[in-house]
Amino acid sequence: MNCSKNPDFVLSGLSTDPDKPQLLFGFFLTLYLLSLLGNLLLLLTIGADIHLHTPMYFFLSQLSLVDLCSTTTTAPQMLETLWTSNRSTSFSECLAQLNFFAVFADMDNLLLTATTISRYAAICHPLHYPLLMIPCRCALLVGGSWGVAHSVSLVHALLLSQFSFYNNQEIPHFFCAFGPLFRLSCSDTHLSEDLMMVLTGLLGTVPHLCIISSYAHIFLAVAQDPAAQGKKKSLATCSSHLSTVILLYSSVFATYLKSPSASHASEKLVLLSCMPW
């Protein structure tokens, strides 16, 4: 097969179940619209109520914005594929989608870490919290997260842009993904894959360790609190954030931690990663 710098790909999606495109279209469209509506309402509520202009709700609004952008990066193309059965996509479209998808995925990870730091400061250092989490520091945390996410994503995009790929090959997904593109490349990708794995590993491991360490200190501080009411209040402020962290990392691990010898994503993994959480 011929190799090209700008090939066309075929998004095979859920090719094992081709008889239910309308059902899947309605299902994913409903999820997408609910996700958009929920995130927009949250952003409008936080922006309109001056009492919610606090560090915790500031980080929450940023998470909603990132979630809204993330689902919009992948869901419309997925819905178009189901509605029109047009599964072809160019490499330039793949590269643009991958770039934004990686930015928003990294931002989810980094913003959850920033929110954890805010909860840690509020519970473990309540007297110093107003001084620690001033608006300037909150903006710096969010701005730094955007800078890191864009930088890492740009490295990924630049590495992929140097490869040549086989023409008209299938990507077993509703949108472009790094793994299938590496497998479809006719260039030597080992060095680039290693570099991307190092960057991805650092961006996943460091925030993950920060979250675990922060919650270890939080639970220790709550356990040492003699007042039962204080413990309940402290845990209540962390419950929604902790459930979001567990949901995010559980879906990521279930979707992407699989045997590298698997050449195609299973239908359940494709469905899971397409969900607009």
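Residue numbers count from 1 along this sequence.
No more than 12 heavy atoms of other residues, nucleotides or ligands shown are found within 6.0 angstrom of NE2 on His128. Heavy atoms from other residues, nucleotides or ligands lying under 6.0 Å from NE2 of His217 number 12 at most. Few gaps surround CZ on Phe182; more than 12 heavy atoms of other groups in view lie less than 6.0 Å from it.
Linking Ile, Leu, Val, Met, Phe, Trp and Tyr residues whenever their side-chain heavy atoms come within less than 4.5 Å places Ile211 and Phe219 in a single cluster. Taking hydrophobic clusters as Ile, Leu, Val, Met, Phe, Trp and Tyr residues chained together by side-chain heavy-atom distances below 4.5 Å, Leu31 shares a cluster with Trp83. The hydrophobic cluster containing Leu98 also contains Leu203, counting ILVMFWY residues as joined when their side-chain heavy atoms lie under 4.5 angstrom apart, directly or transitively. Cluster membership check: Phe25 shares its hydrophobic cluster with Phe27, using side-chain heavy-atom separations under 4.5 Å among Ile, Leu, Val, Met, Phe, Trp and Tyr. If you chain together hydrophobic residues whose side chains sit under 4.5 Å apart, Phe59 and Leu140 never meet in one group.
Across all their heavy atoms, Ser90 and Ser92 have their closest contact at OG-OG, 3.1 Å. The shortest non-hydrogen separation linking Leu52 to Tyr57 is O-CB, 3.0 Å. The two atoms that bring Pro130 and Ile134 nearest to each other are O-CG2, 3.3 Å, heavy atoms only. Looking at every heavy atom in both residues, Ser61 comes nearest to Leu43 through O-CD2, 3.2 Å.
Here the straight-line distance linking atom SG of Cys210 with atom OH of Tyr215 works out to 11.0 Å at 0.5 Å rounding. Atom CZ of Phe165 sits about 8.0 Å away from atom CG of Leu184, to the nearest 0.5 Å. Rounded to the nearest 0.5 angstrom, Gln77 CD and Cys176 SG are separated by 6.0 Å. Here the CG-CG distance, from Leu40 to Leu65, works out to 9.5 Å after rounding to the nearest 0.5 Å. The line from OG of Ser164 to CZ of Phe91 is 9.0 Å long, rounded to the nearest 0.5 Å. The distance from atom OG1 of Thr116 to atom NE2 of His208, rounded to the nearest 0.5 Å, is 10.0 Å.
Between the side chain of Arg137 and the main chain of Leu131, a donor-acceptor pair closer than 3.5 Å is present. Without hydrogens or angle criteria, Gln62 side chain to Leu111 main chain gives no donor-acceptor distance under 3.5 Å. Side-chain N or O atoms of Ser145 include none that pairs as donor or acceptor with a backbone N or O of Met107 at under 3.5 Å. No side-chain donor-acceptor contact under 3.5 Å links His156 to the backbone of Leu199. Side-chain atoms of Gln97 never come within 3.5 Å of backbone atoms of Cys94 as a donor-acceptor pair (strictly under, hydrogens ignored). The main-chain N or O of Ala149 is never found under 3.5 Å from a side-chain atom of Ser153 such that the two would form a donor-acceptor pair.
Counting heavy atoms from C-beta on, the side chains of Thr74 and Ser70 never come closer than 4.5 Å. Under the 4.5 Å side-chain criterion, counting only non-hydrogen atoms from C-beta, Leu60 is not in contact with Thr115. At a threshold of 4.5 Å between non-hydrogen side-chain atoms, the residues Phe58 and Leu63 do not count as touching. Side chains of Cys69 and Phe100 form no contact here, defined as non-hydrogen atoms less than 4.5 Å apart. By the 4.5 Å heavy-atom criterion applied to side chains, Tyr32 and Met78 are not counted as neighbours. Side-chain contact between Leu160 and Leu181 is present, with heavy atoms from C-beta onward closer than 4.5 Å. Side-chain atoms of Met133 and Leu141, non-hydrogen and from C-beta on, do get closer than 4.5 Å to each other. Between Ser35 and Asp67, the closest side-chain pair of non-hydrogen atoms falls below 4.5 Å.
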Worked check of side chain to side chain contact (heavy atoms under 4.5 Å, CB included) between Thr72 and Leu36: CA-CA 9 Å; Thr72 304; Leu36 288 183; 3.9 Å; yes
Side chain to side chain contact (heavy atoms under 4.5 Å, CB included) assessment of Leu33 paired with Leu29: CA-CA 6 Å; Leu33 292 178; Leu29 178 62; 4.0 Å; yes
Test side chain to side chain contact (heavy atoms under 4.5 Å, CB included) applied to Leu110 and Val142, step by step: CA-CA 8 Å; Leu110 294 170; Val142 173; over 6 Å; no
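For the residue pair Ser118 and Tyr129, a side-chain donor N or O sits within less than 3.5 Å of a side-chain acceptor on the partner.
The side-chain contact (heavy atoms from CB on, under 4.5 Å) test with Val155 is passed by exactly one of Leu159, Leu158, Val152: Leu159.
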